[in-house]
Each structure stands twice: as structure tokens, then as C-alpha cells.
Amino acid sequence: MRLLFSLSVLLFLPSLLHAQQPVSDDELRASIQKALPLVEETSKVALRERACYTCHHGGVTTMAIEAARLRGFEVDRQNVLEQMERAQLNLTRAIRRVGVGGRTPGQADGIGWQLMTLAAGDWPADEATHLAVEHLVQYDHESDHWAWAGRPRPPTVASPFTTTWAVVRGVLDYTTPDTKLGVAVRVTEARDWLIRTPSRDTEESVSKLRTLKLVEADERAIRDEAKKLLEIQQDDGGWAQLPGQESDAYATSTVLIALLESEQLKRDDVAIQAGLRFLLGSQLEDGSWHVKKRAPFVQPHFETSFPHGKDQFISAVATAWSVYAMAQLLPSVADHDDEAALAAMKPENAKKSEIEFTPEQIAFFTEKVEPILQRRCYRCHTTEKEPKGDLALNSREEILIGGYGGPGAVPGRPDESMIFKALNAPPDSLVPQMPPRGGKLPQEEMELIKKWIEMDLPHRK
Ligand code: HEC
Ligand code: HEC
């Protein structure tokens, strides 16, 4: 109704006729080009500032950057690779800790997002992706869909529809012959749940529509959900996250993606054109879109170089989804990378894991370093029992996988290594002071740990 009304207004007001001009490729390109550097920079800064994988700065941004790259935009591929490595490391760690099918709150969400991130950059299937799919298939198997847990972070982490979308997309991208049957069963259950369960706001409707398409629901269910979204398009061409709110770039870009992805509308349909006009018209001079934050406090704020202060997390996500939405409408010009191209980009990392130590280096560890770890750390940080901070120190691999705060150490670089930072941490630092309760290590032990990290962490295993 609203849309019909706004269309008749457009038809009869000559001053608004310009709004009816179809959006050109040049306009889309110019808008993407303005936003892309901000998206790339914010993802790099967040990767540097925090050790965890994030949906906002690791997930949506990577999807947007890759979508732009495939349309011929120049991007920093090394950054994309590092984002994927972070996602892969987090997957490995999550699965390692809980085991296949185990359950920790909120995990389905993170794992689904990590798989989507890897798929966006063509990361080849590996053991971690395989175990992740197995995990998601068995995760909470008494439920017919996947739900978020913990504290809500609306709009993205506050709806079972969005969690289910992330999981379904992740498992479909990385299904292997071994997981095929399990995936098919869960996906069918999820399809029935989707069809049975009404969406309650724009986010839910978007995620429901995107998932219905992925699970190949029947055309009528898909059409009905698209219709629901069209009915709430606002007079300015945009969409709002919740009824009564103003249109914003988060809601509008994700609705456009859902309508196009589900093949319910095409670029020249009026609703899409009006949505694109809304996006183009609301992009700020600096290339960003500003969206107001709805999420309550969950994580301490930090600066990611993106404008809009306290609103910068959701604004970065909205800007990235806008880039993604517009990129979908441009022809692909670049190819997806194959495995060889990816492998060629990561020689440094391959070197790190294939490292061989001399007997002298290993003796240095067993004679000088291991006794310190045994005496001062192993009580709380081995895989024998649930390690504190999720960090185990009893093998090199575990140290590299790391804990809640990221990798335990960066080989060769003590100052960037969490273990070393923890030993030197001032009382109120981000890395906890270790050993706990002021048990500072004597200087000579500190020097030995430093030297061990400089030697690239020789270990028994
Ligand atoms: C499952 C997806 C997901 C993962 C994984 C995730 N986040 Fe977030 N995070 C969100 C969402 C959604 C918001 C809300 C966005 C908003 O509106 O600001 C958010 C908000 C934030 C904010 C903004 C807080 C503020 O008020 O300024 C910070 C900081 C943050 N996350 C840090 C992190 C860190 C650090 C990690 C790794 C431990 C992480 N996130 C992992 C989804 C995620
Ligand atoms: C008495 C138990 C205990 C001992 C001993 C101990 N830790 Fe911890 N460690 C913890 C706890 C508890 C945490 C989580 C605390 C937090 O996150 O604030 C932790 C967290 C950490 C972290 C951060 C992990 C992450 O990913 O966030 C590092 C690094 C760390 N410890 C290193 C060490 C080292 C190195 C030693 C030995 C010199 C050591 N710890 C000894 C209990 C211990």
C-alpha cells in the first residue's frame, strides 16, 4: 500500500522525476569506491586491536570486500587472507575445546559466521571446516533450528532466524561426503521450522528469506516472505529495522540483498530502484553510512578507525552490507581464487607450521623453559583438564591456537605474544597479569621465556 502510494506521488510530482531514473553502473561503482577503503581499513584495525574473530569486522566486511574484488575493485588480498586465517584459527580452537557436537553457548553463531567468512574468500575445505560442519549438524540436535545464546546484540545477534541463516549457509558451503546425510536431515528440519515460524521484524524477515532460498523451500513460501518485506518499504525507498523507526542503511541493504538473492525481484524493479536511491542518497560525504546502535553493552568499545563513535560497529556493518548489495548488481569480472593462488599467498604461514627444531633447541626447551612452565603455569594451563582462559601451553600447536584472547604467542616476536604480555602485564591491562595475584616471575625466568619465543617456540610436541 505504502509503496503504491509513494509511486503515485513520484509519478505526479515532476520535481521528483529524477528519482525514477534507473540507477546506473557508474553510480553504483562510485558509491562502492567511496565506501570500500573505509571498510578495508576498519577490518584491518579491528584484526590488529582484538585477537578474536568478529562477525562485524571479520565476517560482513570480508564478504563485502570479496564481492567488490570480484567486480573488479582493487582490494588488499593479504588482509582478506589474514581475516580468513583468523576465522580458521577460531574454528579450530572452538572445535578442539568442545569436541564435535559439544555445546557452549553462542557457539553455533560464531562457527556459522566463520564458515561463511572462509567461503567468501574461497578458503579450501580442510579438517577444521569439516569438523565444524560435523559439529553444527550435531549441535543441539533436539532442536529443529539454531539459536543464538548469551546476551542479545541486535540487530544481527538477536534472532534465531539469523543464527539459522549463518549456520545453514556455512554447512552448505562446506558439506563433505561424510557430512552430507547429516546436513540434509538438519536442513530439511530447518526448512520446516522456517515455513512454520513467522518472522517478527525486518532482520528476521531478511534472514528467513535468505535461508528459505538456500534450503530450496517452495516458491510460494519464498514469495510470501518477499511480499512481507515489500509491504514495509517506507516512503523514502528504504527499510527500517523495527516498525516506527526511520529507514537506515543496515535494514535497507540487507533487504535488497535478500530480495535479489531470492530472485524475487530484479535490478530494474521499482522497489529495488527506490531502495538503491535511498542508499545512494544517504551515503555520507566520507563514504560511510551512519546507523544508530541498538545493542546494549556487551564488549568494551574500541576504536576501529570507522567514523560515528559509539555507533561505529553497526555503521561499519551497514556500510559493508551496502557495498555487498550494490556489488551484486554489477557484472563479475574476476575469478574466484583456486587453492594454488591461496597457497601462494601464504608462504610465511606455511613456514611457521612446518618448522623443524634442532636437538639443541628442543633441549633448551626441556631443560630451561619447561620447568618454569611446569612449576608456574601447567597447574592451570594444560589440556589435561579444562585450561584456564581456554589457553593450553603443553604443546606448540595449542599455544599457537591460543585462548579466549587469541594466539598464545607469535613465534619470533615476544612483544606481540600474549604469554609474554601476560607476564609483564600492568594490573589493569587487557591481557590478565600472569601468574595470577601478583606472582611475578623472577627476571631470569622472564628472559628465558623471551628467548624461547624468539627461537620460534621449540617444544616437545
Ligand atoms: C556472532 C557474531 C559476533 C562475534 C563472533 C563477535 N561479535 Fe562483537 N558484536 C556483534 C554484534 C551483532 C554487535 C552489535 C553491533 C552494534 O550494534 O554495535 C557487536 C558489538 C561489538 C562491539 C561494540 C561495543 C560498543 O558498544 O561499542 C565490540 C567492541 C565488539 N562487538 C567486540 C567484539 C570482540 C572483541 C569479539 C571477539 C571476542 C566479538 N565482538 C565477536 C557480533 C559479534
Ligand atoms: C592459578 C591458576 C593460573 C596459573 C598458575 C596461571 N594462570 Fe594464566 N590464567 C589463569 C586464569 C584464571 C586465566 C583467565 C583470566 C582472565 O581471563 O582474566 C588465565 C589467563 C591467561 C592468559 C590469557 C589467555 C587468553 O587467551 O585470554 C595467558 C596468556 C596466561 N594465562 C598465561 C599464563 C602463564 C604464561 C602462566 C605461567 C607463567 C600462567 N598463565 C599461570 C589462571 C592461571
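Remember, it's 1-based here, ligands and their atoms both numbered in the order they're listed.
Across all non-hydrogen atoms, the minimal contact from Arg50 to Arg86 is O-NH1, 2.8 Å. The shortest heavy-atom contact between Leu279 and Ser322 is CD2-OG, 3.7 Å.
Salt-bridge annotation for Glu370 and Arg460: present, with a side-chain N of the basic residue lying under 4.0 Å from a carboxylate O of the acidic one.
Here is the list of ligand 1 atoms found below 4.0 Å of a heavy atom in Pro300: 29 (C). Of all atoms in ligand 2, numbered sequentially from 1 with element shown, those under 4.0 Å from a heavy atom of Gly403 are 26 (O). For ligand 2, the atoms closer than 4.0 angstrom to any heavy atom of Leu423 are 38 (C). Those atoms of ligand 1 that come under 4.0 Å of a heavy atom in Val157, given as number and element, are 1 (C), 2 (C), 12 (C), 42 (C). Short contacts between ligand 1 and Ala295, defined as distances under 4.0 Å to a heavy atom of the residue, involve ligand atoms 14 (C), 17 (O). Near Arg50, with a cut-off below 4.0 Å to any heavy atom, the atoms of ligand 1 are 35 (C).
There is a side-chain donor-acceptor pair under 3.5 Å between Ser247 and Gln234. A donor-acceptor pair shorter than 3.5 Å can be found between the side chains of His57 and Thr42. Looking at Glu398 and Thr383, their side chains never bring a donor and an acceptor atom within 3.5 Å of each other. A side-chain donor-acceptor contact under 3.5 Å links Tyr250 and Thr156. A donor-acceptor contact closer than 3.5 angstrom is absent between the side chains of Asp178 and Thr176. There is no side-chain donor-acceptor pair under 3.5 Å between Thr117 and Gln83.
Neither the backbone nor the side chain of Ile449 has a heavy atom within less than 4.0 Å of ligand 2. With a 4.0 Å cut-off on non-hydrogen atoms, Pro155 does not touch ligand 1 at all.
For a distance threshold of 2.8 Å, the protein N, O or S atoms nearer than that to atom 8 (Fe) of ligand 2, listed by chain and number, are His381 NE2, Met434 SD.
Within the 4.5 Å cutoff, the side chain of Pro414 has heavy atoms near those of the Glu454 side chain. Between Val206 and Trp165 the shortest side-chain heavy-atom distance does not fall below 4.5 Å.
Atom 24 (C) of ligand 2 has its closest protein heavy atom at Met418 CE, 3.8 Å. The protein heavy-atom contact nearest to atom 5 (C) of ligand 2 is Arg376 O, 3.2 Å. Shortest contact from atom 27 (O) of ligand 2 to any protein heavy atom: Gly405 N, 3.3 Å.
Of the candidates Lys450, Arg376, Lys440, Arg376 is the only one forming a salt bridge (charged side-chain N to carboxylate O under 4.0 Å, His left out) with Glu445. A side chain to side chain donor-acceptor pair (under 3.5 Å) with Ser43 is found for one member of Asn79, Thr54, Thr62 and no other, namely Asn79.
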List the steps and the verdict of salt bridge (charged side-chain N to carboxylate O under 4.0 Å, His left out) for Glu231 and Lys228.
-> CA-CA 5 Å; Glu231 277 162 13; Lys228 220 168 148 177; over 6 Å; no

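Contact between Gly59 and ligand 1 is absent, with no heavy atom of the residue lying under 4.0 Å from the ligand. For Phe297, the closest heavy-atom approach to ligand 1 does not fall below 4.0 Å.
When Ile419, Leu441, Val431, Ile399 are ranked by how near their heavy atoms come to atom 35 (C) of ligand 2, first place goes to Ile419. For the residues His56, Gln299, Gln114, His301, the heavy atom positioned nearest atom 20 (C) of ligand 1 is part of His56.
Not a single N/O/S atom of Cys55, whether from backbone or side chain, sits less than 2.8 Å from atom 8 (Fe) of ligand 1.
Among the atoms of Thr156, none of the N or O lies under 3.5 angstrom from an N or O of ligand 1. The shortest N or O to N or O distance between Arg153 and ligand 1 is below 3.5 Å.
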